[in-house]
Amino acid sequence: MHPALKTLLRAHVADAPLYVSAAMAADKDDDLVFLNANENPYELPGLAGLNRYPQPQPPKLLRALAELYGVAPEHVMAARGGDEVIQALTRLLCEPHKDAIVQHSPTFGMYAVDAGLMPARVVDVPLINTGTTFTLDEEALIAAGQSQGAKIVYICSPNNPTGTSFPHDQIRRIARALEGHALLVVDEAYAEFSVQGSLAPHLAEHPNMAILRTLSKAYSLTAARVGALLCADADFIALFQAKGLDAYPLPRPSIEAAMAVLSTDVQKVAWENIRTILAERDRFLAAIRALPAVRTIYESDANFLLVEIARANAFWQHCFGQDIVLRDLSEKPGLAGTLRISIGTPAEMARVEELLAAWEPT
Ligand SMILES: Cc1ncc(COP(=O)(O)O)c(C=O)c1O
């Protein structure tokens with residue numbers, strides 16, 4: 001393992017015992033008689049294969065994810081959603097009551113939630129609001145990552161909830177500055193929607209960088225819970241696979257759903273949907289831009305918009321009364337008066353547009 005990563009692991013992790021699960025001992029696709037896991041030999045009707053434990057890291061899924069993200073299979077860990085990846089990172093790197101994570105607020109809430117449970121400190125470096133978009137406070141982020149016992153620095157790009165993509169050059173500069181200090185985790189949950197794309201082609205140049213991906217968003221697979229961690233260090237990935245996750249992180253139906261999504265035909269449909277969502281985002285944005293109740297629409301490189309709306313909380317309630325659920329961020333630091341609006345179907349967005357058009361600004 002690269003020293004820039006090895007020094008970040010909690011001291012006990014290397015010696016912590018490893019659970020060798022039944023499914024690891026032999027490939028479940030082999031034609032063997034399995035009497036090693038106290039499984040039930042009888043499948044029930046319509047539930048084929050569910051009587052057997054799934055493989056913790058199915059090689060065929062790792063190969064498919066590796067191809068999708070343009071990395072080698074040994075550089076991919078599959079997990080139960082991006083959420084489980086964040087949990088594993090926190091658990092293996094952050095010493096309770098001692099270490100810290102660094103994040104730029106506002107950002108995805110799960111980094112701080114998992115840190116809070118360790119507990120690890122959360123060092124917050126607020127984004128700079130330019131009025132139309134948000135930028136990273138690069139110097140402050142580097143200083144925090146270098147000096148406050150930080151183990152993980154998260155950059156979410158495109159960022160939830162602002163929709164902002166941060167320049168790849170800048171993220172890579174931050175990664176270089178943090179080498180020997182912290183792991184830079186680039187959360188690319190929304191990368192497929194982004195004009196900028198992924199940093200995965202540059203992973204090999206940054207030993208202290210890891211990338212979080214998910215099939216939840218662009219590939220319509222939220223309910224199956226399939227995410228991935230990418231890192232150019234195969235030993236780091238192997239350690240996370242062995243000690244960072246539950247013994248059986250991915251239920252078999254989720255593995256099968258992921259394999260179906262990653263087939264060429266279904267991927268084609270997924271990419272058509274991505275294009276439809278982006279076109280609808282731009283249409284919706286143009287349609288609401290000049291409405292009296294709309295104060296600011298922040299630049300978005302993702303499948304949602306952060307919009308400052310007059311009497312935002314009341315508008316949220318008004319929409320809820322019409323069975324439309326937006327995300328109310330109006331009370332969050334740095335996000336006063338804003339709602340986050342996911343881009344749905346054109347018919348769904350037309351309803352929000354209509355409600356916004358009729359919304360009195362005062
Ligand atoms: C930025 C970001 N990262 C990660 C996740 C987690 O995604 P999942 O656990 O569904 O893979 C989300 C979910 O909303 C997100 O917005």
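First listed ligand is number 1; within each ligand, the first listed atom is number 1.
- Near ligand 1, heavy-atom contacts under 4.0 Å come from Gly81, Gly82, Asp83, Phe108, Cys156, Asn160, Asp187, Ala189, Tyr190, Thr214, Ser216, Lys217, Arg225.
- For the residue pair Ala310 and Pro361, the shortest heavy atom distance occurs at CB-O, 3.2 Å.
- Among residues at least two apart or in separate chains, salt bridge (charged side-chain N to carboxylate O under 4.0 Å, His left out) pairs with a member in residues 184-202 are Glu188-Arg213, Glu192-Arg213.
- For Asp137, the side chain to side chain donor-acceptor pair (under 3.5 Å) test picks out no residue, with sequence neighbours left out.
- With side-chain heavy atoms closer than 4.5 Å counting as contact, directly or through intermediates, the hydrophobic cluster containing Leu35 also holds Val33.
- With respect to the salt-bridge test (charged N to carboxylate O, under 4.0 angstrom), the residues Arg80 and Asp246 qualify.
- A donor-acceptor pair under 3.5 Å is absent between the side-chain atoms of Arg173 and the main chain of His168, judged by distance alone.
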